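To keep things clear, I will list the structure first and then write my remarks on it.
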Amino acid sequence: MSVLLECITGLLILLLTLLPGSLLLLCGRLNSIFTLKLQLGELTMPADDKTCRVFCIGTADTKLDELRFLADSVRSNLAAFPSSSSSKVDVTVVDVSVSRNDSGSGSVHNVTDFAFVSRNEVLRSDSEAADQLPEDRGEAVDVMSKALGIFLTKSQNDGVLAGAIGVGGSGGTALISPALRSLPIGVPKVIVSTVASGRTDHYVGTSDLVLFPSIVDVCGINSVSRVVLSNAAAAFGGMVIGRVERGESGGEGGKSTVGLTMFGVTTSCVNAVKERLEKEGYETLVFHATGVGGRAMESLVKEGFIKGVLDITTTEVADYVVGGVMACDASRFDATLEKGIPLVLSVGALDMVNFGAKDTISSNFQNRKIHEHNKQVSLMRTTVDESKKFASFIADKLNKSSSKVVVCLPQKGVSALDAPGMSFYDPEATATLINELKSLIQTNEDRQVKVYPHHINDPEFANALVDSFLEISKKSHLQSTPQVASPEPSQQAHESSVAQINFPDFPGAKPETLQRTWAILQQLRDQINKGIPIIGAGAGTGISAKFEEAGGVDLIVLYNSGRFRMAGRGSLAGLLPFADANAVVLDMANEVLPVVKKVPVLAGVCGTDPFRQMDFFLRQVESIGFFGVQNFPTVGLFDGNFRQNLEETGMGYRLEVEMIEKAHKMGLLTTPYAFNEDEAVEMAKGGADIIVSHMGLTTAGSIGAKTAVSLEESVVRVQNISDAAHRINPNAIVLCHGGPISSPKEAEFVLKSTKGVHGFYGASSMERLPVEQAITSTMQQYKSISFH
């Protein structure tokens with residue numbers, strides 16, 4: 001390499017005496033050689049190169065033409081700005097291909113006009129990544145996405161990143177978006193994407209990532225894609241130059257930033273608070289309390305942008321507890337309390353739970369007081385009992401905190417609808433909320449509760465909120481005009497967020513479904529942390545489901561064997577050609593769903609059904625009102641040559657795994673059966689939330705199986721399945737089921753004899769055996785009476 005550089009230097013000195021055209025020609029040749037060697041991995045960008053760069057990111061194995069066009073458009077648009085700005089920025093193409101046929105982008109040889117970062121260079125950014133990408137495409141995408149995030153974060157920390165723009169379809173967007181989300185707010189970040197016009201919250205999250213609709217598929221340069229990519233490049237170029245010219249700080253110099261939460265029904269209060277805070281010298285950021293709004297605010301708190309919070313509108317808690325569509329998650333308030341910044345909290349809009357259009361509201365709530373906000377949004381008035389739960393959630397959070405907090409409570413109403421003559425006016429429910437918070441919050445010098453004889457939208461209450469904030473801000477030594485701190489590296493915040501929800505991307509998920517599933521899992525994990533087992537139950541009839549719920553069950557599953565079982569036939573009838581299993585489950589929904597009020601009900605789905613388009617069928621399952629799915633009927637109950645033949649002819653367990661994977665990506669709760677360690681691993685990789693260790697048919701009762709493993713052997717098998725699942729996903733919930741585990745006594749024995757097993761799922765043991773025993777005993781008692 002040193003000899004090559006000496007030769008180049010000598011040639012350049014010699015050519016100073018030659019014609020300019022010759023010099024230009026040779027320099028162009030040398031640049032092409034340098035760039036090609038960079039592609040082949042023979043050269044890398046110098047470690048001390050601090051040139052400001054924008055990165056154009058995509059899979060060069062499939063999107064090379066689009067990447068070249070986009071990079072050229074970005075460079076052209078940057079060049080259109082004054083040279084004092086654009087000359088500071090170079091364009092670099094970054095390859096994130098995941099095809100194993102591509103040996104590290106060596107086959108890419110047409111990007112000679114740009115600096116090029118091969119996929120191998122990207123992978124080397126992650127010290128934990130292997131030299132070769134995994135064979136499984138999904139795993140390869142995850143590995144590459146993580147490495148890209150590390151590569152971009154390092155570039156940002158080194159001060160060379162001016163912005164990043166990507167291009168891709170759904171797969172490319174899923175790969176690139178997590179890495180771009182990890183960059184701080186203010187760093188230009190754009191993806192030209194085929195999925196930009198659909199549900200995008202799982203791609204954007206709480207970041208300022210811009211998704212630019214591709215209109216047509218990202219598949220070659222044509223009259224439409226040329227216009228779209230050019231416009232995206234122009235917009236991105238403007239962002240980059242704007243940031244370069246103003247410097248990296250997006251803050252308004254000299255002002256501390258305060259976060260406020262607002263809803264339409266608390267607008268008067270928040271506007272008054274905002275106006276006064278700005279007069280006091282603060283910058284205010286207002287967040288719409290829609291679930292995403294609360295998370296966005298707390299993300300900025302984590303990153304150091306926000307130095308104080310007036311959490312006036314905490315309605316997301318109501319949706320979380322009751323099951324609305326604008327729910328927070330179980331971590332609500334944690335970021336603010338852990339950061340230790342001043343917090344003033346109130347109870348704005350805790351009189352309502354949010355749903356979509358009125359006809360989408362669950363039948364469980366149809367008799368409640370509903371206010372149709374507009375054709376797309378319906379509100380449900382909360383009850384006295386629900387108000388107690390909201391107070392408990394909030395108090396539990398605050399009582400664990402040592403930061404300075406003031407809770408301000410308005411006695412005369414918590415929203416514009418909670419006022420005399422308005423649809424949600426309910427003095428009893430509001431008083432319950434206020435009194436419960438007063439009772440449950442443990443006050444001290446740093447944690448105060450103040451009650452005011454005002455409505456939340458009264459000017460007097462807005463002034464009280466600001467007074468309280470200024471008081472604790474002074475105690476916290478928060479001056480009214482400090483310099484806004486530089487954001488902390490946001491990779492940590494991003495990783496924390498991912499760890500909390502344990503969900504990557506859900507391209508097919510409805511936000512309300514995803515939020516509901518997360519709420520269920522968080523409640524189950526909270527229960528596990530308290531040492532309370534998770535109990536799931538199969539239901540073959542409406543009365544079974546109704547009284548399983550009355551007994552405190554956590555999950556109910558409907559599948560076709562339940563109907564056969566409660567008709568006096570063995571559960572294996574559900575695996576034989578006696579009926580259409582998936583049609584039976586949909587029919588059972590009509591009987592069961594209307595009588596179950598709160599407990600999540602899941603559908604047993606036959607994933608091997610050759611007459612169902614599974615994507616559409618799962619949508620049907622979701623729309624009917626099921627919360628999730630389980631793989632039943634399952635080929636896991638077959639063994640020997642018959643099972644082998646099923647696998648060989650494309651009707652095996654892998655189809656059940658694929659069904660669970662699709663349901664998981666839709667945001668549905670997934671609770672599959674696994675019969676051995678390998679199946680547990682497959683289901684865990686597929687995104688299963690709860691894995692049920694199946695020990696075979698239940699043995700007890702009049703129509704139970706006679707052949708099964710022993711209880712002691714079940715302990716070993718259940719433990720092995722649990723260990724296998726947790727090697728893939730340490731957060732997976734594991735339950736035991738079947739075989740000799742047919743009563744609370746056996747279930748307790750297994751749970752006490754294993755580690756990492758969190759509960760029991762019963763079917764025959766939950767409805768068939770109790771019915772057999774109860775009816776037999778009752779009949780015997782009747783027959784024993786005397787009439788003489």
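Predicted model only: the values in this text are computed from it and were never measured.
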N-O pairing of [X] and [Y] below 4.0 Å:
X: Asp615; Y: Lys665; value: no
X: Glu298; Y: Arg332; value: yes
X: Arg619; Y: Glu622; value: yes
X: Asp136; Y: Lys685; value: no
X: Glu661; Y: Arg137; value: no

Matching residue for Tyr320 among Phe393, Phe333, Phe390, Trp518 - test: ring-ring contact (aromatic ring centres under 6.0 Å, His included): Phe393
Lys662 and Glu658: CA distance, side-chain angles, deciding distance, salt bridge (charged side-chain N to carboxylate O under 4.0 Å, His left out) verdict: CA-CA 6 Å; Lys662 290 177 180 179; Glu658 291 174 2; 5.6 Å; no
Parallel, tilted or perpendicular: ring planes of Tyr673 versus Phe675, cut at 30 and 60 degrees: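 Answer is tilted, since the angle falls between 30° and 60°.
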Whether Phe578 and Phe564 hold their rings parallel, tilted or perpendicular, with breakpoints at 30° and 60°: perpendicular
Gap separating the CD1 atom of Ile534 from the CD1 atom of Ile528, nearest 0.5 angstrom: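 Ile534 CD1 to Ile528 CD1: 4.5 Å, rounded to 0.5 Å.
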Verdict with supporting geometry, Leu655 and Met614, side-chain contact (heavy atoms from CB on, under 4.5 Å): CA-CA 10 Å; Leu655 291 177; Met614 198 49 62; over 6 Å; no
Full working for side-chain contact (heavy atoms from CB on, under 4.5 Å) between Val734 and Ser693: CA-CA 7 Å; Val734 177; Ser693 305; 3.7 Å; yes
Using distance alone, with no hydrogens and no angle criterion, decide if [X] and [Y] have a side-chain donor and acceptor under 3.5 Å apart.
X: Asp526; Y: Gln523; answer: no
X: Asp385; Y: Thr383; answer: no
X: Ser387; Y: Glu436; answer: no
X: Gln781; Y: Ser777; answer: yes

Heavy atoms of other groups near Glu713 CD, more than 12 under 6.0 Å: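 Counting neighbours around CD of Glu713, more than 12 heavy atoms of other residues, nucleotides or ligands fall under 6.0 Å, so yes.
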Heavy atoms from other residues, nucleotides or ligands near CD of Glu648 exceed 12 (cutoff 6.0 Å):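 Result for CD/Glu648: enclosed.
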Please give me the minimum heavy-atom distance between [X] and [Y], naming the atom from each residue.
X: Cys606; Y: Ala581; result: CB-CB, 4.3 Å
X: Val635; Y: Thr608; result: CG1-CG2, 4.2 Å
X: Leu637; Y: Gly696; result: CD2-CA, 4.3 Å
X: Leu751; Y: Cys736; result: CD2-SG, 4.3 Å

Donor-acceptor pair, side chain of His737 and main chain of Tyr761, under 3.5 angstrom: yes
